[in-house]
Amino acid sequence: MKELVVLSGKGGTGKTTIMAALSRLVPGAVLADCDVDAPNLHLLVHGETIEEHDFTASRQAVLDAAKCNRCGTCVEACRFDAISLDDLSIDELSCEGCDLCARLCPVEAIAMNDRTSGTWAMSRTAGGIMFRARLAPGEGNSGKLVTLLKRQARRYASGSNASLVLVDGPPGRGMSGHRRAVRGRHGPAGGRAQPIG
Amino acid sequence: MRIAVASGKGGTGKTLVSVNLSAVAGLDLADLDVEEPNAFLYFGDGPSTIVPVSRPVPSIDRSACDLCGECARVCAFNALVRLPQRIRVHEELCHGCGACVRLCPRQAIEEAGHEMGALVSMAQNGRRLVYGRLDVGEANAVPLIKAVRSSLEPGRTTIMDCPPGTSCNMVEAVRGSDYAIMVTEPTPFGAHDLSLALDVLERLGVPHGVVINKAGMGGVDIVAMCASRGAAVLGSIPFRRDIAERHAMGQLLIDRPEDRRTFRDLWGAVMRRMRS
Ligand code: SF4
Ligand code: SF4
Ligand code: SF4
Ligand code: SF4
């Protein structure tokens, strides 16, 4: 089984369009849209969703206002300014799930809940099976979601004797998902003949 | 005052709007898209100040550590591993939460700086440019985005070129802005990603409006979509080959009168919205 990754240094260079075209050229390839921040492949390659799952990779602190005595320990400890004692709440977009506030709270008013950081799905398209995922807004676990998606795509490909996995990689050169999308494999990069490429 | 320029997806013209709008209105410019900053290409050359930016990571005093393993147990990000002879720190996994420092029973952990990038600033004709440059291989851009944001001068109005999408980087950049300009293009991709980004802005409570770039291509009715979402359309930039070419060559569009008018009108629309 071979794996081909399409990447780009910045957004808008045509990665997804190239992927969609390649998927037509190689019938039976397994597709994986690893651009989990802004998955778009499904807009070009239509399909019917067969499975959909939640992606849980982190936790989230929740404050029980009835138990809290407003001592302020958690607010002072949280490095991410996620806790407000004005309305006794924790902002889920700011909380990193580090658990420090829950460990320090003297009256156990803070619980750590699992948090759904996104979803992933498998769908059947005219060109083959497609895996795609979507990170929930403000989530930072794109690397883990890319790893999960690729593992699913590879597992499916080897189970169905598919010869090729086509990966639409995340744009940019940040390492959150890139290294994981490419790890050990190589492919062409979508590029533009411009200074801003 | 901080005005964020963002987009649901990359490549819609976020930088084009940021650089031309800030130039036409004589405003400061900040590039918070630290993974791939490029607004500086339109600002002109000049002496710049480069300040390294670090994020905190634990540093363990081996003479004080008794290898109890508590730090590795409390780290929610698996950044600490207890080996037979020492605690190994995986700095790339550390979120800088400070839990290990605080909870080590022997106070054996201090914090040290792990360099993650740089803050670059320069000034020209009374305007200031500041941008963050993330080191290649750094996974978490958020501390650098915060550093760029807190380097902005509160008394001045700054146009901020923000990361695309709806990731934690975009949220961190846009959070707390006085206004957000969403740049989109009239394609199915553009409409799809704009809708997701509008959800985020609503959740963050940042007032916002939409600019339609490449108006005339794609055939998707963004105006109707904005109307249905209650988002104001601030203006549009025509789909013209010369615009794409001049922007791609690193030129400002406002050097031509008709395009200058487009951005003047856009700035007028933003100011009216912000006042209302
Ligand atoms: S879990 Fe960590 S980030 Fe979240 S609120 Fe508590 S201290 Fe802050
Ligand atoms: S540490 Fe616990 S009791 Fe104190 S303010 Fe926070 S939640 Fe309330
Ligand atoms: S918690 Fe402190 S003493 Fe215990 S292993 Fe970690 S650094 Fe060493
Ligand atoms: S600062 Fe937080 S994330 Fe970093 S090693 Fe310590 S406990 Fe882990």
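Naming: A, B, ... by sequence-line order, numbering from 1 per chain.
Residue C97(B) holds its SG atom at 9.0 Å from CG of D99(A), rounded to the nearest 0.5 Å. Note that CG of L204(B) and CG of D91(A) are 8.0 Å apart. Values are rounded to the nearest 0.5 Å.
Of the listed residues (N169(B), T166(B), N140(B)), the one with the most heavy-atom contacts under 4.5 Å to chain A is T166(B). In terms of heavy-atom pairs under 4.5 angstrom with chain A, the leader among M170(B), K146(B), R203(B) is R203(B). For the options S94(A), C101(A), C78(A), P39(A), heavy-atom pairs under 4.5 Å to chain B are most numerous at S94(A). The greatest number of non-hydrogen atom pairs below 4.5 Å with chain A, out of P56(B), A76(B), G13(B), S167(B), is found for S167(B).
Side-chain contact between V171(B) and E139(A): absent, with no pair of heavy atoms (C-beta onward) separated by less than 4.5 Å. Counting heavy atoms from C-beta outward, V74(B) and L100(A) have side chains that stay 4.5 Å or more apart.
Applying the 6.0 Å contact sphere to CG of D45(B) captures no more than 12 heavy atoms from other residues, nucleotides or ligands. Annotation for N78(B): atom CG does not count as buried by contact number, only 12 or fewer foreign heavy atoms lying within 6.0 Å. Counting non-hydrogen atoms of other residues, nucleotides and ligands closer than 6.0 Å to CD of E91(B) gives a total above 12. In the displayed structure, E51(A) atom CD is contacted under 6.0 Å by more than 12 heavy atoms of other residues, nucleotides or ligands.
Heavy-atom distances place no part of R59(A) under 4.5 Å from chain B, backbone and side chain included. If you measure heavy-atom distances from V200(B) to chain A, the contacts under 4.5 Å come from the side chain alone. Only the side chain of F77(B) comes within contact range of chain A, judged by heavy atoms closer than 4.5 Å. At a 4.5 Å heavy-atom cutoff, P163(B) makes no contact with chain A through either its backbone or its side chain.
Between E76(A) and R102(B), the shortest heavy-atom contact is OE2-NH1, 3.1 Å. The two residues R79(A) and G96(B) have their closest heavy-atom pair at NH1-O, 2.9 Å.
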#### Entry: Pair R175(B)-D81(A), salt bridge (charged side-chain N to carboxylate O under 4.0 Å, His left out): steps then yes or no
CA-CA 13 Å; R175(B) 181 198 297 282; D81(A) 300 325; over 6 Å; no
